[in-house]
Amino acid sequence: MVSIAKRLHIKIQDSPAIAYTVPESIFPYPPSDQSVSADEAELEFTYQETPFSFRVVRKANNEVLFDSSAESLIFQDEYLRLRTALPANPNLYGLGEHADDFKLGTTGYTRTLWSRDSYGIPEGTNLYGNHPGKSSLLRCLQ
Amino acid sequence: MHLRLDSTIPFSHLASVTRLASKGLGVDFFFSLHFARSSVCFFESWLQLLSKVRVHEDRQGFLYRTLVFVGLFFFVSYQIWEGRDSGRGREGGICMICIHIYIYLIEAMQSPRPCSSSSSYYYYHYYWQNSSTIMWSAAAVLVALTGALIAATGRAFVIVVPRQATFCPGYSISNVQSGNTGLTADLSLAGPACNSFGSDIPSLKLMVNYDTGMDFFFFFLPIHLMVLLDEDEDDDGDDMATSD
């Protein structure tokens, strides 16, 4: 089977590494034998030097999948900020437990990442679990 | 359109918790209100209290009336505020007043003198001459006022938080090591730290790697879990077959 060079792994870590990161036993990094060269890859990583920001572009149609240039990166011991632009009419899912629609709102919508037991399970607020990850479904190429 | 991955303490919680707690308590209080023995007597004196304009009455009465009016002001403004965008908080606001009324009802029920049609003014005086009543009343008014204040202003706290983070310097990239399958680099703070929520980490490492997308999901399933799933499947199948 022909391998599909569709994955790009980006990690930003404090130096020296003190902050907790999810262990490899739970979230394994891609093994080195699955690496492909930048030329073979279907995605491209580009960056701005100062202030640092990066973009992930799908080479086939120049579609921007991730773009952090709107605001600078913040990496503090109690706060992280990584901002990305979304495509038009995005399909967003994830970001913790809540009582809102499965597909998240994208206009003036705030998803607080803070675990709490909330009486009455009100809409538009956070609940027991928070998961700082999102998935964004984009149009397929073929 | 933008997605922010911010992690901050949500100050809106205080408001929503207060709203919902008062809503829950208020329902109980409201039912008690209907069963209270001297509710008619109470309302009579309460209305009289509100309608009295003379200032030379006893001071507590005047103080109380002022507080009631201030409380009502916040209550009404809160109702308008909430009613504007969602009807959900209305009951919460109403029940603030229910708590308020209820505590007075308890006091009314404890009165040794039954309410008669001609004695509501006398009742009012008796009410305020009892010092423990005054204490309870003051506490009730304070509770109602505080609740109404938090409920009315709570919305304002929501918007404010991440403003100061706008002025953070970001990082600049250096020591970029491009390999065949990706790159590594150092990131260092591009200006004075803003320390908006905790301290800025001065130096970071960036790692970028291009990979294939094969067999990705199979990594997540530990071997012992796979075994369990297999066994469960067999057991369930047998049980279903025999029980049916």
Side-chain angles (χ1 to χ4, degrees), chain A residues 1 3-15 17 19 27-28 30 34-38 40-41 43 45 47 49-53 70-88 90 92 106-107 110 112-114 116 118-120 122 125-126 132 134, chain B residues 1-10 12-13 16-17 19-21 23-24 88 158 162 165-166 168-174 176 178-183 185-187 190-191 193-216 219-220 222:
Chain A
M1 187 180 165
S3 66
I4 310 157
K6 278 184 174 170
R7 190 151 41 124
L8 176 60
H9 182 231
I10 300 169
K11 187 176 186 183
I12 298 174
Q13 198 173 18
D14 55 338
S15 173
F27 192 83
Q34 291 193 9
S35 294
V36 296
S37 71
E40 285 177 283
L43 305 174
F45 175 90
Y47 61 86
E49 289 192 355
T50 307
F52 169 75
S53 70
E71 270 185 304
S72 58
L73 169 71
I74 297 179
F75 199 120
Q76 293 167 345
D77 50 3
E78 295 175 22
Y79 185 77
L80 290 173
R81 182 180 72 190
L82 180 61
R83 183 169 170 168
T84 180
L86 295 173
L92 274 188
T106 49
T107 307
T110 303
T112 303
L113 302 179
W114 188 267
R116 62 159 191 170
S118 174
Y119 171 79
T125 66
N126 42 314
K134 60 114 179 166
Chain B
M1 262 176 279
H2 291 97
L3 173 78
R4 299 170 79 110
L5 290 177
D6 281 351
S7 52
T8 56
I9 299 168
S12 59
H13 288 179
S16 67
V17 163
R19 266 205 297 270
L20 288 161
K23 189 172 165 180
R88 218 149 23 97
V158 181
T166 314
C168 291
Y171 290 81
S172 55
I173 196 166
S174 61
V176 181
S178 292
N180 186 34
T181 65
L183 61 88
D186 295 334
L187 297 173
C194 64
N195 299 329
S196 53
F197 300 98
S199 338
D200 284 287
I201 308 294
S203 51
L204 308 174
K205 272 239 177 286
L206 170 71
M207 288 152 275
V208 178
N209 204 61
Y210 294 103
D211 302 293
T212 63
M214 284 177 68
D215 298 338
F216 188 67
F219 288 109
F220 283 94

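A, B, ... follow the sequence lines: proteins, then strands. Residue 1 opens every chain.
Pairing each heavy atom of A:Phe45 with each of B:Tyr210, the nearest pair is N-OH, 2.9 Å. Contact detail for A:Phe75 and B:Tyr171: the closest heavy-atom pair is O-OH, 3.2 Å. Here the closest heavy-atom approach between residue B:Cys168 and residue A:Ser72 is recorded as O-OG, 3.1 Å.
Per-residue counts of heavy-atom pairs under 4.5 Å with chain B were compared for A:Ser35, A:Pro51, A:Ser53; the largest is that of A:Ser35. When each of A:Ser37, A:Ala17, A:Ala41 is checked for heavy-atom pairs under 4.5 Å with chain B, A:Ser37 comes out on top.
With values rounded to the nearest 0.5 angstrom, B:Thr181 atom OG1 is found 10.5 Å from A:Glu40 atom CD. Atom CG of B:Leu206 is separated from atom OH of A:Tyr47 by 9.0 Å, given to the nearest 0.5 angstrom. Expressed to the nearest 0.5 Å, how far CD of A:Gln34 lies from CG of B:Asp211 amounts to 7.0 Å. Here the straight-line distance linking atom CG of A:Leu73 with atom CD1 of B:Ile201 works out to 11.0 Å at 0.5 Å rounding. Going from atom CD1 of A:Ile10 over to atom CG of B:Leu183 covers 9.0 Å, rounded to the nearest 0.5 Å.
Checked by atom type and distance alone, the side chain of A:Asp77 pairs as donor or acceptor with a backbone atom of B:Ser199 at under 3.5 Å. In this structure, B:Ser203 contributes its side chain and A:Ser15 its backbone to a donor-acceptor pair below 3.5 Å.
In terms of the side-chain hydrogen bond (donor to acceptor under 3.5 Å, both in side chains) criterion, residue partners of B:Asp186 (sequence neighbours excluded) are, by chain and number, B:Asn175, B:Lys205. Partners of B:Asp200 under the side-chain hydrogen bond (donor to acceptor under 3.5 Å, both in side chains) rule, at least two apart in sequence or in another chain, are A:Gln76.
Contact annotation: the side chain of B:Leu204 never approaches that of A:Phe52 to less than 4.5 Å [non-hydrogen atoms, C-beta and beyond].
Only the backbone of B:Pro169 comes within less than 4.5 Å of a heavy atom in chain A; its side chain stays farther off.
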